[in-house]
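Hydrogens, waters and symmetry mates play no part in the numbers below; they use all other heavy atoms, side chains included.
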Amino acid sequence: MIAIPIHDTILLPDVTFFFKKETFEEWEVETLSAGDEIVFTFLKNEPDYESGPETPSKKTEDLMDLIYPVGVRARLEAIDNEGNLKIRTRNRVDILSLTETEDGIVEAEVVERPEVYDLKAEEQSERFERLKKDYLNFVKLYQWGLWARGLILQWKNIYELVCTMAPYFSITWDEKVSILMEDRVSERYRLIEQAAYEFIEMAKVHNEAEDRQQQENENIYRENALKKQIEILQNELDEMHPENISDVRQFQKKIEDSGMNETARKEADKVLNRMKQEGQNGHEYGMLYDYLDFVTTLCWKKPEAAEIDLTHAEEVLNADHYGLKKVKERILQQLAVMALKKQQAGSILLFVGAPGTGKTSIGQSIAKALGREYVRISLGGIRDEAEIRGHRRTYIGAMPGRIMEGMKRSGVSNPVIVLDEVDKLAKDYGGDPASALLEVLDPEQNFSFTDHYMNVPYDLSNVFFVCTANQIDTIPEPLLNRMEIIEFPGYSELEKESIAKKHLIPRAYETMGIRKSQLKISDTAVRKLIAEYTMESGVRGLKKRIEGICRHAAVRLVKGEKKLSVIPANLKDYVDGHGLHRDKVDKQAVPGIVTGLAWTSAGGEILYIETKKVAGNGQVIITGQLGDVMKESVSIALSLVKSRFPKETEDLGKFDLHIHVPEGAVPKDGPSAGITITTALSSLFTGHKVEPTIAMTGEVSLRGNVMPIGGLPEKLMAAVRAGVKTVFIPKQNVEDLEDVPEEVKKALTITPVEKVKDVLEKTGILSK
């Protein structure tokens, strides 16, 4: 009889099956007819149908290795019009051999496999009916149960059940074949029941899991739908009653619209969730509210690169500030770089100069030229690092640092921020605020500046930072290295007069509510006001004096006077107090006294060096509150004089040498009085007088060189104010004369010197 191998389909005796003809096309089934017998053999492995009809091979020796030694004999009951086969299985057989005929048909030699009937027919029927009933109850739970019920009711015995359900059992192919190979009926029933009930339980577990998953999905869909409806309804209510919007709703909307980075968004959402849980009566509600109010008020969106009009910027700078040519050129260079790169670029600018020279106000002009917001942050006296970085929110009363507070005030992410008075930072146990500024001002770090209060990074790379200082000596070197120093020279009297007429007087009129027709301040009165009532490099004191004049005028105008005029003759009637005592050079020359020039935070001034020999035993007495640097200058000067005038100083041990710098209540220090002290001592020992109208500045070395100094423009302007005619300056400072106003250079005879000998010769102390 023909042998047909099958795989993964259990066939047991007394079962009717229907097969499509295509299933056995390769095995010559077209030669079969109704009534023929077939032996179904069971392949050990699934055939590789993709490799073509040669697999599995029909060679007998190959097939015997591929099949199990047991099969099922069946009878071909009928073939319908479409060629489909109706087959009824009969009994199990053992495969003895397979033989291939000349027509290519494989025939099997079989022998009937005995059955061990160790179950009564009644028990078999009972166990089958119980299993069938359990299946009927099982399928009731599902929508496809009606279809499955009809199929189950057609089962005639337990073998039909297992043959129908075998493809769905979660057992291996070997285990399925073992059911067929089992001779004892009782054991075969046990294996069938075990596989059947395992299928039912696994199906239940699977369906329960699917039901739970479906229920969870439905809950999620329902929750999302409800949230959407609530949001729509809440938005309508908010539009109808905006005054009743809850804090949580407000912050939710602000967070969504803020454009925060991912890190900040996560932190804000976390705080908002805590705020929801806390409730308005919670003790942390206020702290959480303040935090969310701060971070949502900040501007997180990156600004678009705006076009920079250099012509407009130059017009703004010239309109707002008189002079400062080099400062304006450097600012325009920075703006030009920004215009080319379409982003914030260039160094951090540090404006250094005396008070009132326009360092802070020029920051306002930069903001106006760029069309940006302006923020000024005063750093004077700050000694706690938290003032820059902010306090951690774990502390009571925690606040953000001044940098982020300034960003909040600006409302944008690219303001112009002026950090005022960086030279007046201090430090104590609270940390070093100057170190905290390093991250703020470093372009390599400030794109992710993290304020302790916010605890999330914020991008400061779009901010235009400008720093101001009166001097650089107190600024830490690491901080100073991150900035480009731009010096603001003091104003000459001519420049002050122009500033007063163009800026200070019109602004004072506007502030006091005075019209030009009501008050006129003459040019000569302005010049007298500058010369006799102010003593500074800047114009802050001049501004106060002009405002004082306007206040006096306001009183008279309110009392009924119609028109007022301020001239030199009546200036003292409008100015509070008396004129300032201005240092003027002495008219009489005295040996041992020489005029020097000094720089202070308020500008330049003249400085007398007075020396005198008194009875004693060779001591050197220094008075006038001199600092360590000037004391060292005295020692160097004395050594130079001894070497230059050995004969005149040979009896130095017989008297004391007293060196004094007037105004002892004012501390003095700096590396620029060396040449003045040397000249004064030389004058004292030689008895040669130095004209008071000759002033000098410069440090000296033991080799007799005159060393360069700083603050030359301020010193020369002080010389002009004091009536000096000739000034000796170090030769290496000649380039600094470019920063000196022309009217100052015209009023002085400026002589560069390289050696101490040059000064002594030009003053007549030492003959050529």
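A salt bridge links Glu267 to Lys270: at least one charged side-chain nitrogen sits closer than 4.0 Å to a carboxylate oxygen. Here Lys342 pairs with Glu307 in a salt bridge; the nearest charged N to carboxylate O distance falls below 4.0 Å.
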Side-chain donor/acceptor pairs under 3.5 Å, residues 323-331, sequence neighbours excluded:
from: Lys326; atom 1: NZ; to: Glu738; atom 2: OE1; distance (Å): 3.3
from: Lys326; atom 1: NZ; to: Asp739; atom 2: OD1; distance (Å): 3.1
from: Lys328; atom 1: NZ; to: Asn318; atom 2: OD1; distance (Å): 3.1
from: Lys328; atom 1: NZ; to: His321; atom 2: O; distance (Å): 2.6
from: Lys328; atom 1: NZ; to: Gly323; atom 2: O; distance (Å): 3.1
from: Arg330; atom 1: NE; to: Glu484; atom 2: OE1; distance (Å): 3.2
from: Arg330; atom 1: NE; to: Glu484; atom 2: OE2; distance (Å): 2.8
from: Arg330; atom 1: NH1; to: Gln334; atom 2: OE1; distance (Å): 3.4
from: Arg330; atom 1: NH2; to: Gln334; atom 2: OE1; distance (Å): 3.2
from: Arg330; atom 1: NH2; to: Glu484; atom 2: OE1; distance (Å): 2.5

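Using a 4.5 Å cut-off on side-chain heavy atoms (C-beta onward), Tyr509 and Ile521 make contact. Residues Lys254 and Leu292 form no side-chain contact, since every pair of their non-hydrogen atoms from C-beta on lies 4.5 Å or further apart. The side-chain heavy atoms of Val463 and Val375, taken from C-beta on, include no pair separated by under 4.5 Å.
Under the rule for a side chain to side chain contact (heavy atoms under 4.5 Å, CB included), the partners of Lys266 that lie at least two apart in sequence or sit in another chain are Glu262. For Phe351, the ring-ring contact (aromatic ring centres under 6.0 Å, His included) test picks out Phe488, with sequence neighbours left out. By the side chain to side chain contact (heavy atoms under 4.5 Å, CB included) test, Gln252 pairs with Val248, Arg249, Leu272, Lys276, sequence neighbours left out. Under the side chain to side chain donor-acceptor pair (under 3.5 Å) criterion, Glu547 pairs with Lys543, sequence neighbours left out. Residues satisfying the side chain to side chain donor-acceptor pair (under 3.5 Å) test with Glu742, not counting sequence neighbours, are Lys745. Residues that satisfy the side chain to side chain donor-acceptor pair (under 3.5 Å) test with Ser435, not counting sequence neighbours, are Asp432. Residues passing the ring-ring contact (aromatic ring centres under 6.0 Å, His included) test with Phe464: none are found, sequence neighbours excluded. Contacts of Tyr289 classified as ring-ring contact (aromatic ring centres under 6.0 Å, His included), with partners at least two apart in sequence or in another chain: Phe251. Scored by the side chain to side chain contact (heavy atoms under 4.5 Å, CB included) test, Ser498 finds Tyr322 as partners (sequence neighbours excluded). Residues satisfying the side chain to side chain contact (heavy atoms under 4.5 Å, CB included) criterion with Ala436, sequence neighbours excluded, are Glu385, Ile388, Arg389.
Between the side chain of Asn470 and the main chain of Gly353, a donor-acceptor pair closer than 3.5 Å is present.
Around NZ of Lys424, the count of heavy atoms belonging to other residues, nucleotides or ligands within 6.0 Å exceeds 12. More than 12 heavy atoms of other residues, nucleotides or ligands shown are found within 6.0 angstrom of CG on Leu226.
Counting only residues at least two apart or on different chains, no ring-ring contact (aromatic ring centres under 6.0 Å, His included) pair has a member in residues 407-427.
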